[in-house]
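Here the structure is laid out as structure tokens; the discussion comes afterwards.
Just so you know, these numbers come straight off a predicted model, no measurement behind them. Chain A is the first sequence line, chain B the second, and so forth, proteins listed ahead of strands; every chain is numbered from 1. The figures here come from the full heavy-atom set of this structure, side chains too, leaving out hydrogens, waters and symmetry mates.
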Amino acid sequence: MPEGIEVEYYRRAAEAVVGRVIENLWVVDDAYVRASTARGLAEVVRGGAVAAVRRRGKLLVLDVVCSGPGQDCGSVSVGFRFGMTGRLVVDGSAPIDRLLYSAANDQPAHRRVEVSFVEGGSMEVLDPRRLGAVELEPDEGALGPDAYSLSGPELSAALGRGSGPLKSRLLDQARVAGIGNLICDEVLFRAGVSPVRPAGELEPNEVIDLAAVVRDTFADLDARGGAHTGDLQAERQRGGVCPLDGGVLMRASVGGRTTYWCPVHQR
DNA sequence: CCGGATGTTCACCT
DNA sequence: GAGGTGAACATCCG
């Protein structure tokens, strides 16, 4: 997916539909709907107004209010998860044209969700690999605090005391929400901390510093244009070298994800 | 042809 | 229970 930063771009673009009334919500098939309730998604939200668009980690949430006669939904939320290749298109234009696959590969066949509005316009999800999903009333409580504003105490609680590798904890959305594989490596590179360091081993001052690096890195890469714009990313390939000290980058699978780091300055 | 890819979930081990 | 690994999902790309 898009990582937290890309979903934040989606959120900003989706603000354009706040106040509009949903005419219909189309989903490619039932497999793309993550079932958390038995209620039919389209039936529930049809005729409802978008009251707000929010983001928590990599989850985009639409708050929908149905106040008309004969409508029973009251207020519901609709969650959008984008998997690795999901992109949001609002009123025909995409907030980002580059993801794992380029916009040149956009095909009608990749359209998985379309929300159309009475006032006109639409919100579409294009997702070739269809690892994303739509969900009625997603469990936002299952997500940790958002990475953009992660505080030292929040990170301290997220890391816990176990001996699991630091990177695994940072990628765990229940602990911290929004960190993806690319930005995780970038954060650890900037902080000078090894991804395989036992999470519970960090000193309190290291945790405070790391939380600041997380916030700064999100702000920086947000301004640059995405999770793929990090300093380490350019060298994130076999044989790449550290942009800081020229050390040959390590490559290994950590937490199930391909991980690059510099053995010289990341300890 | 093969391996890997910005994510999540589940089965199966230790 | 905690934590790890690998597979699965479906498609594209080098």
Specify the separation, in whole Å, of atom CG of A/L59 and atom C1' of B/dG7.
13 Å

Quick one: A/Y260 OH to B/dT6 P, roughly how many Å, whole number?
9 Å

Nearest to the A/L131 side chain among B/dG7, B/dT8, B/dA5, which nucleotide is it?
B/dG7

When the distance from CZ of A/R175 to P of C/dA2 is rounded to whole Å, what number comes out?
9 Å

Nucleotide-level pairing of DNA chain B, given in dot-bracket where Watson-Crick and G-U pairs need both distances under 3.5 Å and | marks other strands:
.||||.||||||||

Between A/R54 and A/E140, is there a salt bridge with N-O shorter than 4.0 Å?
yes

Can A/R169 and A/L159 be said to form a side-chain contact (heavy atoms from CB on, under 4.5 Å), step by step?
CA-CA 6 Å; A/R169 301 288 169 91; A/L159 294 184; 3.9 Å; yes

Nearest-angstrom distance from the residue atom CD of A/E135 to C1' of B/dG7:
15 Å

Among the nucleotides B/dT6, C/dT11, B/dT8, whichever has the atom closest to the side chain of A/P128 is C/dT11

To the nearest angstrom, how far is A/R169 atom CZ from C/dG4 atom C1'?
12 Å

Interatomic distance at C1', C/dG4 relative to B/dT6, whole Å:
23 Å

Between B/dT8, C/dA10, B/dG7, spot the one nearest the side chain of A/R130, thanks.
C/dA10

Nearest to the side chain of A/R129, which nucleotide is it out of C/dG4, B/dT9, B/dA5?
B/dA5

Does A/Y148 have any ring pair (Phe, Tyr, Trp, His ring centres under 6.0 Å) partners at least two apart in sequence or in another chain, and if so, which?
A/F218

Check the distance between C/dT5's P and A/R257's CZ and give it to me in whole angstrom.
14 Å

Apart from A/L182 itself, members of its ILVMFWY cluster (side-chain separation under 4.5 Å) are none

Kindly point out which of B/dT6, C/dG4, B/dT9 is positioned nearest to the side chain of A/R34?
B/dT9

On a heavy-atom basis, which atom in A/S194 and which in A/W261 lie closest, and how many Å separate them?
OG-NE1, 3.9 Å

Do A/R112 and A/Y32 have side-chain atoms, one donor and one acceptor, less than 3.5 Å apart?
no

Looking at A/K58, I'd like to know whether one of its side-chain N or O atoms comes within less than 4.0 Å of OP1 or OP2 on B/dT6.
no

Rounded distance in Å - CE (A/M84) to P (C/dC12):
15 Å

Would you say A/T258 reaches B/dA5's phosphate, i.e. side-chain N/O to OP1/OP2 under 4.0 Å?
yes

Measure from the side-chain heavy atoms of A/P165 and tell me the nearest of C/dG4, B/dT6, C/dT11.
C/dG4

Is the phosphate of C/dA10 approached by A/H110 (side-chain N or O, under 4.0 Å from OP1 or OP2)?
no

Nucleotide C/dA10, atom P - distance to CZ of A/R112 in whole Å:
10 Å

Between A/D185 and A/F189 (side chain of the first, backbone of the second, donor and acceptor by atom type, cut-off under 3.5 Å), is there such a pair?
no

Do A/V187 and A/L210 have side-chain heavy atoms sitting under 4.5 Å apart?
yes

